[in-house]
Chemist: 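Please find one structure pasted underneath; my questions will follow.
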Amino acid sequence: MKIRIKLFAAARELSDTGEIGLEVADGILVKDMKQQISNAYPSMSELILRSAVSLNREFATDQSVVQENDEIALIPPVSGG
Amino acid sequence: MKIRIKLFAAARELSDTGEIGLEVADGILVKDMKQQISNAYPSMSELILRSAVSLNREFATDQSVVQENDEIALIPPVSGG
Amino acid sequence: MIFITTKAIDTSKVLESVKSKQAGASVLFVGTTRQFTGEKETVQLEYECYEAMAVEKIQQLVDSVQSKWNIEHCSVVHRIGVVGLGESSIAVAVSSGHRQESFEAAAWLVDELKIQVPIWKKEFWADGKTEWVHPSGTPKPTSQDLNSAHGGS
Amino acid sequence: MIFITTKAIDTSKVLESVKSKQAGASVLFVGTTRQFTGEKETVQLEYECYEAMAVEKIQQLVDSVQSKWNIEHCSVVHRIGVVGLGESSIAVAVSSGHRQESFEAAAWLVDELKIQVPIWKKEFWADGKTEWVHPSGTPKPTSQDLNSAHGGS
């Protein structure tokens with residue numbers, strides 16, 4: 001399936017884009033999706049190790065299943081406030 | 001010696017005055033001064049038991065010595081804020 | 001900024017007074033007249049103070065805050081006289097490099113102010129009765145008091 | 001009141017938004033751009049956020065505050081974009097019947113916001129370098145997240 005992943009902060013700057021598209025296996029787990037992003041964008045690989053993923057604006061676990069049409073984002077360690 | 005004692009809040013209302021004068025022994029202790037105020041103003045006696053005394057704008061102990069020209073006040077339990 | 005006033009407190013000025021480029025955090029506490037205490041309804045409060053001593057005691061508390069925590073600035077304003085429902089009787093502002101200091105210092109200062117500073121609150125209840133609020137504890141001399149007996153700075 | 005803005009935060013409006021006759025206490029926390037972090041000098045900060053998720057996460061934190069403490073109102077405003085020295089990036093206000101709840105709830109909310117809400121800060125150092133601040137911890141799903149997975153309310 002085709003997914004789109006929002007990127008923010010350092011991830012956005014390292015990839016030079018606010019959103020990337022990726023072709024992934026149906027029912028892919030978050031941890032495998034992260035690995036696939038790392039492979040496609042090596043400049044982000046170190047940051048991805050320290051980043052979370054959100055699905056539909058909630059934090060997911062490594063074992064969460066990514067579904068088609070999910071709103072997906074890579075969430076580097078946050079620093080608001 | 002002759003002393004003057006400032007009264008506030010319920011003490012002021014119970015005695016109907018903001019300051020009282022009292023003739024006391026030289027070098028009187030705070031606890032004895034409190035007793036003497038109680039005797040002279042029985043309406044305040046219950047409140048005096050729960051009140052502190054300040055000498056020159058600092059809290060005194062029962063054993064503190066009252067000196068002539070001290071700025072003396074009876075301090076009922078406070079409730080600022 | 002430390003003062004006692006009969007006028008309405010401008011809480012934004014109190015907050016402004018602790019601003020600093022060295023501060024990453026400011027905490028402002030505002031105490032206001034609450035309508036209900038359990039079932040009992042308040043229509044207004046009236047505060048009275050022993051002003052000369054109150055200002056000195058507040059200054060001592062601010063000095064203590066400065067020595068206990070790494071803070072930038074600390075301001076305390078207390079209103080006396082009648083304070084209507086929802087109006088502010090006290091504003092305390094603290095600024096510091098990091099937020100924990102400001103939170104701790106502001107909370108500590110308000111706690112201590114309610115124990116050590118000669119200010120008294122009179123409740124005007126909705127049933128027409130009035131009552132000076134005299135908590136059960138007696139104000140106690142602190143070690144600071146004992147050290148500076150007859151000091152009065 | 002919960003919102004994210006690119007404009008300067010009017011902290012007095014944030015405080016005003018939690019006022020209530022049922023509240024005896026209000027606590028306002030303001031986070032500002034600090035000039036020095038140790039020896040390093042900041043000239044400005046820039047904040048970025050994932051706005052849809054940030055607003056939802058802040059709302060969840062406010063809901064948690066309402067369920068954990070007996071408070072009246074809670075407001076959170078976060079500024080994004082460039083925030084100059086001494087300017088405010090965040091204002092959190094909480095009101096409650098008694099002061100302890102407001103202090104605890106405000107401190108907790110700021111702590112959690114810094115862990116759970118997708119907002120990022122970029123330092124602009126005086127030496128011309130810039131740096132996204134990415135604390136060492138990875139944002140972790142909370143039990144709330146797990147319960148409401150794919151919820152997104």
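Computed over heavy atoms, backbone and side chain alike; hydrogens, waters and symmetry mates excluded. Letters go in sequence order (proteins before strands), and every chain restarts at 1.
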Chemist: Just so I know, are the side chains of A:Arg57 and D:Lys57 near enough to count as touching, which here means a heavy-atom distance under 4.5 Å?
Modeler: no
Chemist: My understanding is that only residues two or more places apart in sequence, or in another chain, count here; which of them pass salt bridge (charged side-chain N to carboxylate O under 4.0 Å, His left out) with A:Glu46?
Modeler: A:Arg50
Chemist: Which residue out of D:Lys121, D:Glu131, D:Glu48 racks up the most heavy-atom pairs below 4.5 Å with chain A?
Modeler: D:Glu48
Chemist: Could you tell me which non-hydrogen atom of A:Ser79 sits nearest to which non-hydrogen atom of D:Tyr47, and how far apart they are?
Modeler: O-CE2, 3.9 Å
Chemist: Could you list all the salt bridge (charged side-chain N to carboxylate O under 4.0 Å, His left out) pairs where at least one residue sits in residues 28-37 of chain D, not counting sequence neighbours?
Modeler: none
Chemist: Quick one: does D:Trp120's side chain have a donor or acceptor within less than 3.5 Å of a partner on A:Pro76's backbone?
Modeler: yes
Chemist: Given side chains that start at C-beta, do those of D:Lys114 and A:Val78 come closer than 4.5 Å, heavy atoms only?
Modeler: no
Chemist: Is it true that atom NZ of D:Lys19 has more than 12 heavy atoms of other residues, nucleotides or ligands lying nearer than 6.0 Å?
Modeler: yes
Chemist: State whether the number of non-hydrogen atoms from other residues, nucleotides or ligands found under 6.0 Å of D:Gln35 atom CD is greater than 12.
Modeler: yes
Chemist: Please name all residues satisfying salt bridge (charged side-chain N to carboxylate O under 4.0 Å, His left out) with D:Asp111, sequence neighbours left out, ordered by chain then number.
Modeler: C:Arg99
Chemist: Which atoms of D:Val110 are under 4.5 Å from chain A, going by heavy atoms: the side chain, the backbone, both sets, or neither?
Modeler: neither
Chemist: How close do D:Tyr50 and A:Ala73 get, heavy atom to heavy atom, and via which atoms?
Modeler: CE2-CB, 3.4 Å
Chemist: Rounded to the nearest 0.5 Å, what's the gap from CE on D:Met53 to CZ on A:Phe8? Could you check?
Modeler: 9.0 Å
Chemist: Would you please go through residues 71-97 of chain D and name the residues with a non-hydrogen atom below 4.5 Å from one of chain A, in numerical order?
Modeler: D:His78, D:Ser89, D:Ile90
Chemist: Does a sphere of radius 6.0 Å around CG in A:Asn39 hold more than 12 heavy atoms from other residues, nucleotides or ligands, not counting ones at 6.0 Å or beyond?
Modeler: yes
